[in-house]
**Student:** 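Mind looking over this structure? Questions follow.
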Amino acid sequence: MTALPGETPGTVGTDTPEAAEPPAATDAEGPAHAEAPDADESAEATEPTADGSDGAETSSEDPPAGDAPVDDASTSASTGEEGEAGAAAALSEAQAELAAQRELREKIAKRKAEKEGPVAAGTKLSGTAADLLAAVRAVESGEKAGAEFFDSPATAPAPRRAAPAPAGQPSRPAPAPAAPLDRTASPEAVDAVRAVLTEGGAPEALAAPATGTLGEQAAELLRADPWQLLAVPGVRPEQADGFARALLGTACGPDDERRTAALVGWLLERAALQGHTALDAEAVRAALAERAVSDPEEAVRNAVEEGVALVFQEGTDPTEPDAAYEEDGEAPAEAETGTEAPEPVQVLLGLDRYALAEESLADGLARLMNACEKGADWAEAAAAAPSPSAAELIRTAATAGLVAHSGGEAARAEPAALIAAARGLGLRALGATHSEDGRRRLAEAVGAPDAAVTLAGLLSDAEGPGRDEDGALALDLLVVLDAPQLDVEGAAVLVEALADGVRLVLSGDPGVLGSAGAGRVFADVLAARACPQVVSRTPDPGPIGELVSGIGIGELTQVEAPGKEVVIVPVRDAGEAVHRTVQLVADSVPRAFSIPAGDTQVITVGHGGAAGTRALNEALKQRLNPGPGRFGGFDPGDRVIHVPAPGRAVPGVVRSADAEGLHLECGGVPVVVPQERVESAVRHGWALSAHQAAGMRWPAAVVVLPGDAAAGLSRPWVYTAFGRAERHLSVVHGVDQALPHAVAQIPAQERTTRLRALLEAVPTPDAAS
């Protein structure tokens, strides 16, 4: 009888070597820590501090802030007579507040007008999303080719391909590929930043990343505002404070407006790494108070006025933060007449890049919902569907421009049936997945190799049907699988690339871990109920499917596994967990199930610690592919994970290396990683985190749960990790009752976003009619 996860683990059957062999004597290296799941792999190494210290707290002897600068808002609101300066000084506190509010509303109105006008490509987004948005806009205008927007020729996608022209018409030639954009900072700029950092006592190692983040004028920016250093990934407030004190001396203090504005931006950027697109203003004020800011309310107001953050009120027009007041500063008429006052609303602060992405995404989804035309007759295709759920999905997609489809692994057959049905009707239908593994499985289910692409390949035009004459994707139906992995910026770029009349189906499993980037697009679409939803009634088969389905509803149930589909391996400590894991991958699973070691994936909670991915990968390499690591720590035959961009993890195998870089094979596709990017973009891949493994499946999975990893467990984590196995799941179990507690009591971490509210305000086709 296979032991039950969460029950007191028993011993594995006597026909497995674990029952007979003693554990290796491996010393534990201390408790594992669960690293930030959404952080980029390149940020795992210890980061240098900005003040040369090891992250000491800010000194309590910070010099006091200087006199507050005079606010010109009051002066600009005066009558304009010759005694203007004296009148401004005599204004009451209430009048000054009203004047400040008027100025704030004018700034916000101006920002709103700018948003309603044409938006220059990539000006509000950043990172990969900005590149993709710029590529879409530039190619739409015929100005540039898609290949120009990528870092290097080695990693650039294929040039954008035009959509096939209708029969009898000449095809539109693809634009000539342009030279890649040079994103390397000039040596002169780096040297100038290095000089400023040295003057402020900060490590010189920050020169290149600071220049890359702040641009060619980074040295001037840092000298004028040392707290701009907080924009560099890995720099903490206490380090930026030390840098500022070294440069400015007594001219700065804890309430310096430059400091408080930078702190607000830093708090919002850190929240984005945890998936939030906005934060409650009260939480931001509390965090500022913990950072020695004496007037957090004024600090937030200053950050909004300076454009560091935008302010929103949930349930009201998000561009009117003072909606409770009339333009003349008087209370609303309802309050004057004694009627019931409006209920308090939640005030949110957000970065403009995520605000723009959420608003753009909501508008784009509304456009798709309201532009759908019935077109072809889908009745026959629905009648021929392989399952009732597939038939329901086909019928729903026939009449709706946006559809949300949810279900487990077995339910992926339903979007495949929809794609096949649409192609049978002569429509240009395509499926996009999060990973190359998902693309391969979807193509097999549809029965057409060209019916599936990866989402990254589709947006970069390396895969898919190309673009029409207007620059939109040449599609009639797009099904996005692994929809929970969509972050808000990527989703906004995707929807913008779809023409009016295209049907979009978002399909995924709501129980898995969310996206690596900010936002919770799929969950917000489901919660807003702004479009038709189809819930699959197809259960996942077998003991693994039964186990995972129970976890999804918060129950860790006992499952019968006569073929040892699920095996529990009890361990006492992290050292034993590593030993058992290597034994399972190298010996037990291949012998019992004829699954080679290369088809077994190890999944653990974090990257650090005695049983994290680093320790497990080191042990597995020594057993499965020993070598000196002569190619930057790698040898031919090593299993690796390539991280071309934050949130993307592509499994591969090292083939060779030369002056050009490290040569990988990822899903049958050769990839060359330049030498300078190997350290930050490539990791050994025998062991992954559950976030990295999301969207992929393997014939066998070994999930490692050492005792010191209990704090990192949650229901979505367990659901995701256990669901990566197709035929066999081994659980190296050392967390005792923490596992059933996590499944029953620790749901997904809530993310603060605005997309749901925006979608709820969208007029639906029914409402419009």
Side-chain angles (χ1 to χ4, degrees), residues 47-69 126 189 192-273 279 284-310 349-353:
E47 293 165 325
T49 60
D51 59 357
S53 68
D54 192 24
E57 289 294 325
T58 307
S59 171
S60 60
E61 300 178 358
D62 286 339
D67 293 336
S126 64
V193 172
R194 184 178 293 110
V196 177
L197 293 174
T198 301
E199 183 180 347
E204 293 184 3
L206 291 175
T211 309
T213 301
L214 301 175
E216 292 289 309
Q217 305 301 316
E220 291 81 355
L221 287 174
L222 289 173
R223 192 172 295 281
D225 182 358
W227 287 282
Q228 290 285 332
L229 194 65
L230 270 179
V232 180
V235 176
R236 296 187 295 274
E238 58 269 20
Q239 299 158 4
D241 286 340
F243 178 65
R245 286 196 299 270
L247 287 182
L248 303 178
T250 58
C252 68
D255 289 319
D256 191 301
E257 290 186 350
R258 294 169 294 183
R259 177 180 187 263
T260 59
L263 282 175
V264 171
W266 177 79
L267 289 168
L268 296 176
E269 289 285 3
R270 189 175 64 167
L273 292 177
L279 279 182
V284 174
R285 288 191 288 267
L288 291 173
E290 293 176 357
R291 297 284 176 181
V293 177
S294 63
D295 190 350
E297 181 72 36
E298 179 59 30
V300 169
R301 181 183 299 277
N302 172 66
V304 172
E305 291 178 350
E306 293 298 322
V308 174
L310 299 180
L349 296 174
L351 297 172
D352 59 354
R353 58 182 283 197

**Student:** Look up atom CH2 in W266 and atom CG in L229, then write down how far apart they are to the nearest 0.5 Å.
**Tutor:** 13.0 Å
**Student:** For A261 versus A303, what's the shortest heavy-atom pair and its separation?
**Tutor:** CA-CB, 4.3 Å
**Student:** Please give me the minimum heavy-atom distance between A207 and L197, naming the atom from each residue.
**Tutor:** N-CD1, 3.4 Å
**Student:** If you measure from CG on L247 to CG on L222, what distance do you get to the nearest 0.5 Å?
**Tutor:** 8.0 Å
**Student:** What verdict does the side chain to side chain contact (heavy atoms under 4.5 Å, CB included) test give for D255 and V293, after you've listed the backbone C-alpha separation in whole Å, the side-chain angles of each residue and the deciding distance to 0.1 Å?
**Tutor:** CA-CA 6 Å; D255 289 319; V293 177; 3.6 Å; yes
**Student:** For the residue pair V304 and V264, establish whether any side-chain heavy-atom pair is separated by less than 4.5 Å.
**Tutor:** no
**Student:** About how many Å separate CG of N302 and OG1 of T260, when rounded to the nearest 0.5 Å?
**Tutor:** 5.0 Å
**Student:** Rounded to the nearest 0.5 Å, what separation is found between the CG atom of D295 and the CZ atom of R301?
**Tutor:** 9.5 Å
**Student:** State which residues pass salt bridge (Lys or Arg N to Asp or Glu O under 4.0 Å) with E269; sequence neighbours excluded, sorted by chain then number.
**Tutor:** none
**Student:** Suppose we screen for salt bridge (Lys or Arg N to Asp or Glu O under 4.0 Å). Which residues come up paired with E220, at least two apart in sequence or across chains?
**Tutor:** none
**Student:** Applying salt bridge (Lys or Arg N to Asp or Glu O under 4.0 Å), name anything that partners R258, two or more places apart in sequence or on another chain.
**Tutor:** D256
**Student:** Looking only at heavy atoms, which two atoms of V193 and A219 are closest? And how far apart?
**Tutor:** CG2-N, 3.6 Å
**Student:** Shortest non-hydrogen contact from V235 to A240?
**Tutor:** CG1-N, 4.3 Å
**Student:** For R223, what residues pass the salt bridge (Lys or Arg N to Asp or Glu O under 4.0 Å) criterion, not counting sequence neighbours?
**Tutor:** E199
**Student:** As an exercise, state the distance from CG of D241 to CD of E238, rounded to the nearest 0.5 Å.
**Tutor:** 7.5 Å
**Student:** What's the spacing between R353 CZ and L268 CG if we round to 0.5 Å?
**Tutor:** 11.5 Å
**Student:** By side-chain hydrogen bond (donor to acceptor under 3.5 Å, both in side chains), which residues pair with D225, not counting sequence neighbours?
**Tutor:** Q228
**Student:** Under the rule for side-chain hydrogen bond (donor to acceptor under 3.5 Å, both in side chains), what residues qualify as partners of R285, not counting sequence neighbours?
**Tutor:** E282, E297
**Student:** Taking the side chain as everything from C-beta on, heavy atoms only, tell me whether F243 gets closer than 4.5 Å to L230.
**Tutor:** no
